[in-house]
Novice: 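Can you keep this structure in mind? I'll have questions shortly.
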Amino acid sequence: MPEPSGPVRLADHTTLHLGGPAAEFVLAASEQQLIDAVSAADAAGRPVLVLGGGSNLVVADEGFDGVVVKVATAGVGADIEDADDPSCGGVLVEVAAGEVWDDLVASAVERGWVGVEALSGIPGSVGATPIQNVGAYGQEVAQTIASVRVWDRRLRGVRTFAAAECGFGYRWSRFKADPARHVVLSVRFQFRTGTLSAPIAYDQLARELEVEPGARVGLGRVRRAVLALRRGKGMVLYPDPARPDHDTWSAGSFFTNPVVEPSRVPPGAPAYPQPDGSVKTSAAWLIDHAGFAKGHAPAALGGRVSLSTKHTLALTNRGTGTTADLVALAREIRDGVRERYRIELVPEPVLLGVEL
Ligand code: EPU
């Protein structure tokens, strides 16, 4: 295992660019190093943070008094595709948890693996995707995940969960329900193979593509359209440190979309009926209509943090913010929505050492 290095600032490992030092930081380049680092910390009774891309994480300014294990495992292994066998027509792909999610999507699109093209441009690592069942533009990873291999910290062994055992729901899974228990080692996807996308299942994307919902279009076209939509919302990371786009200094959507009784949805708000009779509405809409426009920056926080200027659901660090600032902004938004609509917004990112 690599020697733990000196103090590492977690701000350098989160897309919000926020978070204090880690007491100890271990880079796990192999699955064994990952398991060893987590097991050693567990045996010593020390808190563990398993860090992927840091794109869904809010860390306290005080930092983390435990062991941060950065997952840096690599490897994408595809079974041989048999395009001539109509009974099969797909491919199983085993991907190490540390792989960059969007690199996997890019290569899936290139190789004709269907089912994740609408999940283009999402920051973070592959191992993080099953935890909150990452989704966007009508797809979610639960639709293509075949199984998830984990290190079970309680049983101290490797386990494989078939997709049906993962408890996937909207931004939810058994891994999120029991956060200190599982460390994702690898994810196995089952992709259909082909050149056309899965049916377009999101109106905004269909409009961008100028097709009817339900149409199938070239995989590359879907990827380009999704990237364009995401860019317009500040939801694609901007790689040039010399000219930072602070709208992208976020954790993506800061709140989940509330699922409520139909009677609770405010007139005019988006409403997506759920199979159980409840309705999912839009957190971005509620925030907007509770009086917090895009770019909202409370004077008391000195402009150090604000809502994204491109989307009300992203809380952003304008460069000099602190986690305390961000939390103050999140509370203001949550309280404002509660007061106006009696709906409780629930944060989506993992909060470490902070509470709303
Ligand atoms: N809206 C506003 N003001 C805004 C932005 C949006 O009122 O500034 C309203 C509009 O009515 C719009 C509606 O909110 O129609 C929904 O907005 P959008 O289509 O951007 O989607 P979202 O519900 O805000 C969800 C996911 C995103 C995902 C997009 C696209 C959640 C919490 N968020 O956002 O996921 O990219 O759909 O599928 O489910 C993430 O989870 O981090 C994330 C970015």
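Indexing begins at 1, ligand by ligand and atom by atom, following the structure's order. In this text, all values refer to a predicted model and were calculated from it rather than measured experimentally.
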Novice: Which protein non-hydrogen atom lies closest to atom 38 (O) of ligand 1, naming both residue and atom, and how far is it?
Specialist: Y137 N, 2.6 Å

Novice: Against ligand 1, does Q132 come closer than 4.0 Å with any heavy atom?
Specialist: no

Novice: With atoms numbered from 1 as shown, which atoms in ligand 1 lie under 4.0 angstrom from a non-hydrogen atom of Q204?
Specialist: 19 (O)

Novice: If the condition is side chain to side chain contact (heavy atoms under 4.5 Å, CB included), which residues does R230 pass it with, not counting sequence neighbours?
Specialist: I122, P123, A136, Y137, V226, M235, V236

Novice: Where the closest heavy atom to atom 28 (C) of ligand 1 is concerned, which of A314, A136, A201, A118 has it?
Specialist: A136

Novice: Hey, could you give me each pair passing side-chain hydrogen bond (donor to acceptor under 3.5 Å, both in side chains) that has a residue in residues 51-70? Not counting sequence neighbours.
Specialist: D61-T323

Novice: Mark up the atoms of ligand 1 that fall under 4.0 Å of a heavy atom belonging to F255, in ascending order.
Specialist: 32 (C)

Novice: Between M235, K280, R230, which one has a non-hydrogen atom sitting closest to atom 36 (O) of ligand 1?
Specialist: R230

Novice: Looking only at N/O atoms, are E348 and ligand 1 under 3.5 Å apart anywhere?
Specialist: yes

Novice: I'd like to check which ligand 1 atoms, numbered from 1 as shown, lie under 4.0 Å from a non-hydrogen atom of K233.
Specialist: 18 (P), 19 (O), 20 (O)

Novice: Show me which atoms of ligand 1 lie under 4.0 Å from any heavy atom of G252.
Specialist: 42 (O)

Novice: Mark up the atoms of ligand 1 that fall under 4.0 Å of a heavy atom belonging to R171, in ascending order.
Specialist: 26 (C), 27 (C), 31 (C), 33 (N), 35 (O), 39 (O), 40 (C), 41 (O), 43 (C)

Novice: Can you tell me the protein heavy atom closest to atom 16 (C) of ligand 1 and the distance?
Specialist: S282 OG, 3.8 Å

Novice: Can you see which heavy atom on A96 is nearest to which on S186, and at what distance?
Specialist: CA-CB, 4.2 Å

Novice: Nearest heavy atom to atom 31 (C) of ligand 1: which of Y170, W285, F254, Y202 does it belong to?
Specialist: Y170

Novice: Out of all atoms in ligand 1, which are within 4.0 Å of some heavy atom of S253? Include the element for each.
Specialist: 26 (C), 27 (C), 31 (C), 32 (C), 33 (N), 35 (O), 40 (C), 41 (O), 42 (O), 43 (C), 44 (C)

Novice: Under 3.5 Å between any N/O of T256 and any N/O of ligand 1: does that happen in this structure?
Specialist: no

Novice: Same hydrophobic cluster for L185 and V26, using side-chain heavy-atom links shorter than 4.5 Å among ILVMFWY?
Specialist: yes

Novice: Below the 3.5 angstrom mark, is there an N/O of T312, backbone or side chain, next to an N/O of ligand 1?
Specialist: yes

Novice: Quick check on contacts: which atoms of ligand 1 are under 4.0 angstrom from a heavy atom of N257?
Specialist: 23 (O), 31 (C), 32 (C), 39 (O)

Novice: Take atom CD in E212; do more than 12 heavy atoms of anything else shown fall under 6.0 Å from it?
Specialist: no

Novice: Using a strict cut-off of 4.0 Å, indicate which atoms of ligand 1 neighbour a heavy atom of L313.
Specialist: 24 (O)

Novice: Give a yes or no on whether a salt bridge exists between E31 and R149, defined as a side-chain N under 4.0 angstrom from a carboxylate O.
Specialist: yes

Novice: Would you say the ring centers of F25 and H13 fall short of 6.0 Å from each other?
Specialist: yes

Novice: Relative to ligand 1, is P270 under 4.0 angstrom through side chain, backbone, both or neither, heavy atoms considered?
Specialist: side chain

Novice: Distance below 4.0 Å between atom 10 (C) of ligand 1 and any protein heavy atom?
Specialist: no

Novice: Measure from the side-chain N and O atoms of H182 to the backbone N and O of V184, and report whether any donor-acceptor pair falls under 3.5 Å.
Specialist: no

